[in-house]
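These numbers were taken from a predicted model, which means no experiment stands behind them. Labels below follow one simple rule: chain letters A, B, ... track the order of the sequence lines, proteins then strands, and each chain is numbered from 1.
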Amino acid sequence: MAETKKTHALKARLPRGLVDRHAGQIKASEKMLATIREVYERYGFEPVETPLIEYTDALGKFLPDQDRPNEGVFSFQDDDEQWLSLRYDLTAPLARYVAENFEALPKPYRSYRAGWVFRNEKPGPGRFRQFMQFDADTVGAASPAADAEMCMMMADTLEALGIPRGQYVIRVNNRKVLDGVMEAIGLAGEDKASQRLTVLRAIDKLDKFGVEGVRLLLGAGRKDESGDFTKGADLDEAQIIELLQVVGADEKHIVSLQDAARFDAADDDEVVKAGDASSVVLNSLVLDEWEVILSRSESGRQGLAELREIAALLKSAGYGTKRVRISPSVVRGLEYYTGPVFEAELLFETVNDDGQPARFGSVGGGGRYDGLVGRFRSEPVPATGFSIGVSRLMAALSALGEISVEAEAGPVVVTVFDRDRMGDYQRMVKALRDAGIRAELYLGGSGPKAQLKYADRRNSPCVIIQGGDELAKGVVQIKDLAAGKAAAASVSDNAAWREERPGQFEVPEAELVAAVRGIIEGARA
RNA sequence: GCAGCUGUAGCUCAGUUGGUUAGAGCGUCGGAUUGUGGCUCCGAAGGUCGGUGGUUCGAGCCCACCCAGCUGUACCA
């Protein structure tokens, strides 16, 4: 028999871009999902679930002019050679579901769902190849009221999760506005399509590179810090100025506090302090700012009208710019959004692993996708929705101290000091379980020391000990591990520590359950 | 994809101009203490030095290529 060397053992390794989740993380995320669900239910949305796998054509991810799916999606062929893919978001599968069950569903159809999605691309910090999204969508409502509701619901959700008002903002824009501006500066027409894409990508990077970086990307191009060069959109100076007038207009939609009453500002509107003066951020002002340039194009006028309606509805419902703000640099996905787009951004800073201050940034987004369901049907079907990045939001919440991924209390451990009496120990475990207390019998083969160590690692509230001495007296020893740890701090001598048995007391076996309950409830208080 | 940086024990890292048997701390396991967590002390296990080829009497160290990871950037439904 050949000698089996350890070095030949199969290496246990997690594929890159994927994560294991331990008990604390799972419980924390379940709690978080429950909170989100509650908000959505309150808005009248109902759950629906679709599978992780769809036909690739339903996801719309075949490469153009090729019989192969996009590399970014995990795909494989069925027995009949049809391509299947792991879903890469929850929107395309919903569109498939709605189209397939169109007659049976009440419309407008409001639904929500949480689930894993997969992207086969390079992982990075905070970017995984499998991650969870939590979506809500309204299908069959063309009214901007549906979009406004999405924004309000997103704001309510973040607050329900414990993110204070002012530490987040929902930014809203409209793709028709962006299209309108581009049209106005002479970028209309099929031949300019790729240039328009480059422009949109450049605008999307406003918060990353700032106005100057975007200016470079709109013009000749930009070199990053590793020396790599990104080619720009090649706009001329006049076009760039006009574009930035709309897109870089953030600082302009404010009015001085003295004038706020005249503009009917709400309490909930953002106030910006600069020196002695204070100014209020108003959604209506940024829209006024755009009026002239957008009037030059039909889609610009449309987009502006939709945003005005959204802004008015938000105001009526009492949502000021602290919560939802018209923001010209929001772009979102390039493929299917057709109207209003939204993004949920966290504003607070935290310290990352390297001690560098870091912003969480976007934790969710969405928008109107009027073409997506219609792909499956002969008539157009309007739809709007948004998606929350669950893992990212969870990282943010734990940084805020709103949730903890620390392991919570483990089960009570009944130790085995006498191997012949497993039945007796099992009976104690059963009694505890019947009383609704998490409890387990030590199932390993090690001695008392190891058993105590095990209970310590399980974060058990207490252990139950009954050796020969206790049996003779009809009692059990109960050791409160937390109390013992506290008492041990002042003891440095091991003999004394063992003699003292900190946190340990003796009760008649009949009082076992009551004594354990006392410890658990004491720890909770 | 492009660019830069980095690969030595489970983790964090030392390792001399290229010179015998590659080390430390932490962690793990065991013992002191077979009826008790922590502290302390003692001991043990754990390595194809990322891979392949080359230079050399001799490579963890030098060279080439490859692989992986990290960071930035591109793409991102």
Could you tell me how far B/G15 sits from B/G23 if I compare only their C1' atoms? Round to whole Å.
7 Å

Could you write out each protein N or O paired with an N or O of nucleotides 28-30 of chain B at a distance under 3.5 Å?
residue, atom, partner, partner atom, Å
B/U28, OP1, A/Arg457, NH2, 2.8

Give every donor-acceptor pair under 3.5 Å between a side-chain atom in residues 15-23 of chain A and any protein atom, sequence neighbours left out.
residue, atom, partner, partner atom, Å
A/Arg21, NH1, A/Ser29, OG, 3.0
A/His22, ND1, A/Gln25, OE1, 3.3
A/His22, NE2, A/Val405, O, 3.4

Polar pair under 3.5 Å, donor/acceptor by atom type, side chain A/Lys122, base B/G72:
yes

Same-atom distance (C1') from B/G47 to B/U8, integer angstrom
8 Å

Strand RNA chain B as a dot-bracket string - pairs counted if Watson-Crick or G-U with both distances under 3.5 Å, | where the partner lies in another strand:
(((((((..((((.....[...)))).(((((.......))))).....(((((..]....))))))))))))....

List in chain and number order the residues that pass side-chain hydrogen bond (donor to acceptor under 3.5 Å, both in side chains) with A/Asp469, two or more places apart in sequence or in another chain; answer none if no residue qualifies.
none

Nearest of B/G35, B/A74, B/G37 to any side-chain atom of A/Phe209?
B/A74

Once side-chain hydrogen bond (donor to acceptor under 3.5 Å, both in side chains) is applied, do any residues pair with A/Asp57, and if so which ones, sequence neighbours excluded?
none

Could you tell me whether A/Glu506 atom CD has more than 12 heavy atoms of other residues or ligands within 6.0 Å of it?
yes

For A/Glu183, what residues pass the side-chain hydrogen bond (donor to acceptor under 3.5 Å, both in side chains) criterion, not counting sequence neighbours?
none

Can you see if the side chain of A/Arg222 gets near the phosphate of B/U73 - specifically, an N or O under 4.0 Å from OP1 or OP2?
no

For RNA chain B, find the residues of residues 480-488 of chain A with a heavy-atom distance under 4.0 Å and give them by number; none if there aren't any.
A/Asp480, A/Leu481, A/Gly484, A/Lys485

Is it true that the side chains of A/Asn101 and A/Tyr109 contain a donor and an acceptor less than 3.5 Å apart?
no

Taking atom types as they are modelled, is there a donor-acceptor pair under 3.5 Å from the base of B/G38 to the side chain of A/Asp456?
no

Can you name the one residue among A/Ile388, A/Thr91, A/Val117 that meets side chain to side chain contact (heavy atoms under 4.5 Å, CB included) with A/Gln133?
A/Val117

Side-chain donor-acceptor pairs of residues 134-142 of chain A under 3.5 Å, sequence neighbours excluded:
residue, atom, partner, partner atom, Å
A/Asp135, OD1, A/Ser387, OG, 2.8
A/Asp137, OD1, A/Arg113, NH2, 2.6
A/Asp137, OD2, A/Tyr369, OH, 2.5

Could you go over nucleotides 75-77 of chain B and give all protein N or O partners under 3.5 Å, atom names and distances?
residue, atom, partner, partner atom, Å
B/C75, OP2, A/Lys205, NZ, 3.2
B/C75, N4, A/Arg127, NH1, 3.3
B/C76, OP1, A/Arg201, NH2, 3.1
B/C76, OP2, A/Arg201, NE, 2.9
B/C76, O2, A/Arg127, NH1, 3.4
B/C76, O2, A/Arg127, NH2, 2.7
B/C76, N3, A/Arg127, NH1, 3.3
B/A77, O5', A/Leu334, N, 3.3
B/A77, O2', A/Asp89, OD2, 3.4
B/A77, N7, A/Arg119, NH1, 3.4
B/A77, N3, A/Lys61, NZ, 2.8

Name all residues meeting the side-chain hydrogen bond (donor to acceptor under 3.5 Å, both in side chains) criterion together with A/Glu190; count only those two or more places apart in sequence or in a different chain, and write none if there are none.
none

Determine which pairs satisfy salt bridge (Lys or Arg N to Asp or Glu O under 4.0 Å) with at least one residue from residues 367-390 of chain A, sequence neighbours left out, and list them in order.
A/Glu103-A/Arg377, A/Asp147-A/Arg368, A/Arg368-A/Asp370, A/Arg377-A/Glu379

Tightest non-hydrogen contact, residues A/Met153 and A/Tyr40, listed as CE-CD1, 3.7 Å

Taking salt bridge (charged side-chain N to carboxylate O under 4.0 Å, His left out) as the definition, give me every residue that meets it alongside A/Arg129, ordered by chain and number, with sequence neighbours left out.
none

